[in-house]
Amino acid sequence: MNNIKNSIFYVTIIGGFTALIYWVISKGVALEAGRNIVKKQIESNHWKDFLHSMVENLQHPLAILLAQIVTIILVARLFGWFFRKIGQPSVIGEMIAGIVLGPSLVGMYFPEFSAALFPKESLGNLQFLSQIGLILFMFVIGMELDLKVLKNKAHDAVVISHASIVIPFALGLSLAYFIYETYAPMGVEFSSFGLFMGIAMSITAFPVLARIVQERGMQKTKLGTIAITCAAADDITAWCILAVVIAIVKAGSLSSSLYVIGMAILYVIIMLKIVRPFLKRVGDLNATRESLNKPVVAIFFITLLISSYASELIGIHALFGAFLAGAIMPENNKFRNIFIEKVEDVSIIVLLPLFFVFTGLRTQIGLLNDPELWKITGLIILVAVVGKFFGSALAAKFMGQNWKDSLSIGALMNTRGLMELVVLNIGYDLGVLSAEIFTMMVIMALITTFMTGPALDFIGFVFKDKATAVPEEIGTKSKYKILLSFSTPEKGKKLLQMANSLVKKQGDNSIVTAMHLSLSTEVHSFDIKEHERKMLVPVIEESQRLNQNVVSLFKVSNDIDSDIIDTANQGEYDLLLIGLGQSIFDGTLLGKILGFTTRIVNPDRLIDKFTGKEGLFENSPFDERTRHIIAKAKMPVGIFIEKNLEEVNQVFIPVFSKEDAFLIDYAKKLINNNGSQITVLDAGGEVKNTREIQETIRSIEQIAPNHIMIMNDRILKKEFLESQDLMIISLDSWKKLIESQSIWLNNSPSVLILKP
């Protein structure tokens, strides 16, 4: 009835007002009398008119900018993906993507396409949009620098950092002396040219270095800590020096720049002494995702924009203001991580590639058309590597590091990446660097960044550590070893409780390893130790309560499922315990992970009653991960679904086929170690027909006759299910249970799904 009523209303409203519109237009035509309105002639070639209109639309500045953005993002992501596959930071691929889209390749071989996509009059829009991206990026870089770390770290890290600046700076300035007459732009003073060459040689790409350290698992080592601290100190020092250099260049001389430098110092003091305490109070009151609402976010964005604007007005570039605004953000790591999430994706994925391409459009490798120019390029690269690589390495060696760590620090500090391009573009915009020198320096930035990974590999090969013997307790295969992988301390405690039930009385004949893996994109380098403590300490405290010896393992990972598999396989564990639901991967599927939710009728209802949680069958980006672990693990895998588990006293094991015989071994472990009461449900009628199962049960009955019983009734009462603490079931049998839409699921307890 309501549908008919709604239809009548819809037809009445639409029909009535359409008639009114037609009537008004018809009457309005009469108002045209005496206005000398010229009617447009309707041409016969409508297709030609349409094409002409399309061409005009394509040439609109907004259409050109949108086409540029789409092209740039696609090409940058493609090149970034390729370089990640070959073991290089994605930033190298994005830098090369910019050069490819510029006059060095596309512009040279497809000039018409390049002129259509990047017309000269459109480059101004691209430049300003890329500058916004840089401002946001420098804001994030500032937030990622923890000033407390620089205060607390060893003195030698600061010494190495400053040595890694002054040595290449001096060498860059010396190189400028020899090439100034030939390659410096006309009208540029030597001091300006030399200072920019010096700062360009001494910069280190902190974000790229930090990512390399994380990807190589070095963040917890002394080497990784020193390298990250050196890079952080390098970033702060280099940007302060750059601000002074920009002030000198714009003022024309050192004496004239003193006013600018004085204003810059006053501006920094105001930011540190007035703005920073104010932001801290705001941050302390709004440190959660829920409280960080739009008005609060607006306060921090306005601070960023005002800081950038002030530094631009003073004459030390807007990027320094953005960097300082990030550095004075509230030190609450949770707040910073939330705010970084809001800014980072837009700045890195959308806007930063625009900067790479804009840099590429300025990089004209074709200008280096003379062997002499390539000799100078080689000389620039040599000076850059000698100054930064060997300067940092020698300083590290002098401070007591061994040769391997010293050279590794040198290789890491030699990474220039995006930060180098920022400096070069500033110099190019100020007219200090010519097009030829700009191109040479871009090539140097690419090569020094690209060589970091291979250099570390070569250093590791040359100074290969002697093979160390595996500790006896880890290497002894006679011991029963369980690896449990968890995502949160609460999940870890429940998995530990499950593992403890299997090995409680074995003492030194068992080893339980509790492992937590965090994605590298979710943990900042400076927060790793605190995050490790937060994740592992509650689990270790639980192990003490259970009187269970535990080996803890923590790692920052780029590929969690692969690292779980590698750790389990290389450690030759007897059982890998993982959690389902949100134990490892948020939103992991229960049915789809096993590959047959499409055959389930109304699975949400069944599983919601079973787990008490919603959404286990919703689409998830992580469903392949657990399936991957199950497929690749070389040992038994236990998938634990926890439902208010307090004890593991009452356990029932449904046996659907003779392949489920291995489950009785786990029943034996629970009885021997935990004194559990086991009910074996002969769900498939196979227990009485399978000799292996009968013999195992008989051996258990001889030792613990009152701890195991066989049940033949397949219709389980609600009271029985609710009295059980745990159900242990094989992976194949679990599939059958789901397929049959068994009413067991309505009231079942916690479940341990085992893959033999």
Side-chain angles (χ1 to χ4, degrees), residues 87 89 144-172 201-238 241 382-417 419-420 448-468 520 524-529 532 554-556:
E144 288 185 337
L145 286 176
D146 192 338
L147 299 179
K148 291 187 298 183
V149 174
L150 300 180
K151 297 177 184 177
N152 299 333
K153 294 299 179 183
H155 176 259
D156 56 351
V158 178
V159 172
I160 296 168
S161 171
H162 288 175
S164 73
I165 291 177
V166 69
I167 295 174
F169 193 100
L171 292 179
M201 293 291 184
S202 58
I203 203 78
T204 290
F206 172 77
V208 179
L209 181 147
R211 183 55 56 86
I212 291 173
V213 167
Q214 285 184 351
E215 289 177 352
R216 290 176 174 262
M218 300 162 56
Q219 66 277 356
K220 288 178 64 180
T221 65
K222 182 180 179 182
L223 168 62
T225 303
I226 291 176
I228 289 175
T229 309
C230 287
D234 190 294
D235 245 22
I236 293 174
T237 307
I241 295 174
L382 178 63
V383 171
V385 172
V386 169
K388 198 73 175 177
F389 186 107
F390 292 104
S392 304
L394 291 175
K397 180 61 179 173
F398 180 79
M399 296 305 296
Q401 303 296 318
N402 58 45
W403 273 115
K404 179 183 178 181
D405 287 355
S406 298
L407 292 173
S408 297
I409 290 172
L412 288 166
M413 296 298 288
N414 193 45
T415 303
R416 287 176 171 83
M419 310 308 294
E420 177 74 8
T448 53
T449 306
F450 187 88
M451 68 182 289
T452 302
L456 287 173
D457 292 337
F458 181 73
I459 293 167
F461 174 77
V462 172
F463 295 91
K464 186 178 294 183
D465 295 330
K466 295 180 180 179
T468 55
S520 59
H524 189 274
S525 305
F526 294 143
D527 301 334
I528 287 174
K529 288 187 177 180
E532 178 182 2
F554 174 87
K555 183 180 179 182
V556 175

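Keep in mind the model is a prediction, meaning the values are calculated, not measured.
- Rounded to the nearest 0.5 Å, atoms CE (Met201) and CD1 (Ile165) are 15.0 Å apart.
- For the side-chain hydrogen bond (donor to acceptor under 3.5 Å, both in side chains) with Lys388, the lone residue among Thr204, Asn414, Thr448 that qualifies is Thr204.
- Closest heavy-atom contact between Phe389 and Ala455: CE1-CB, 4.4 Å.
- One finds the OG1 atom of Thr237 at 10.0 Å from the CD1 atom of Ile203 (value rounded to the nearest 0.5 Å).
- Distance check: Ser408 OG to Met413 CE gives 13.0 Å after rounding to the nearest 0.5 Å.
- Considering only residues two or more places apart in sequence or on other chains, Asn402 meets the side chain to side chain contact (heavy atoms under 4.5 Å, CB included) condition with Lys404, Asp405.
- Atom CD1 in Ile160 sits 11.0 Å away from atom CG in Leu394 (nearest 0.5 Å).
- Listed by first and then second residue, the salt bridge (Lys or Arg N to Asp or Glu O under 4.0 Å) pairs that reach into residues 390-401 come to none, sequence neighbours excluded.
- Considering all non-hydrogen atoms of both residues, Gly387 and Ile167 come closest at O-CG2, 3.8 Å.
- Residues Val385 and Met451 form a side-chain contact, since some pair of their non-hydrogen atoms from C-beta on lies under 4.5 Å apart.
- Residues Val159 and Phe398 have side chains not in contact (no heavy-atom distance under 4.5 Å, counting atoms from C-beta outward).
- The distance from atom CD1 of Ile409 to atom OG of Ser161, rounded to the nearest 0.5 Å, is 11.0 Å.
- The shortest distance between side-chain heavy atoms of Val462 and Phe458 falls below 4.5 Å.
- Listed for the Ser392 side chain is no donor-acceptor partner under 3.5 Å among the backbone atoms of Gly410.
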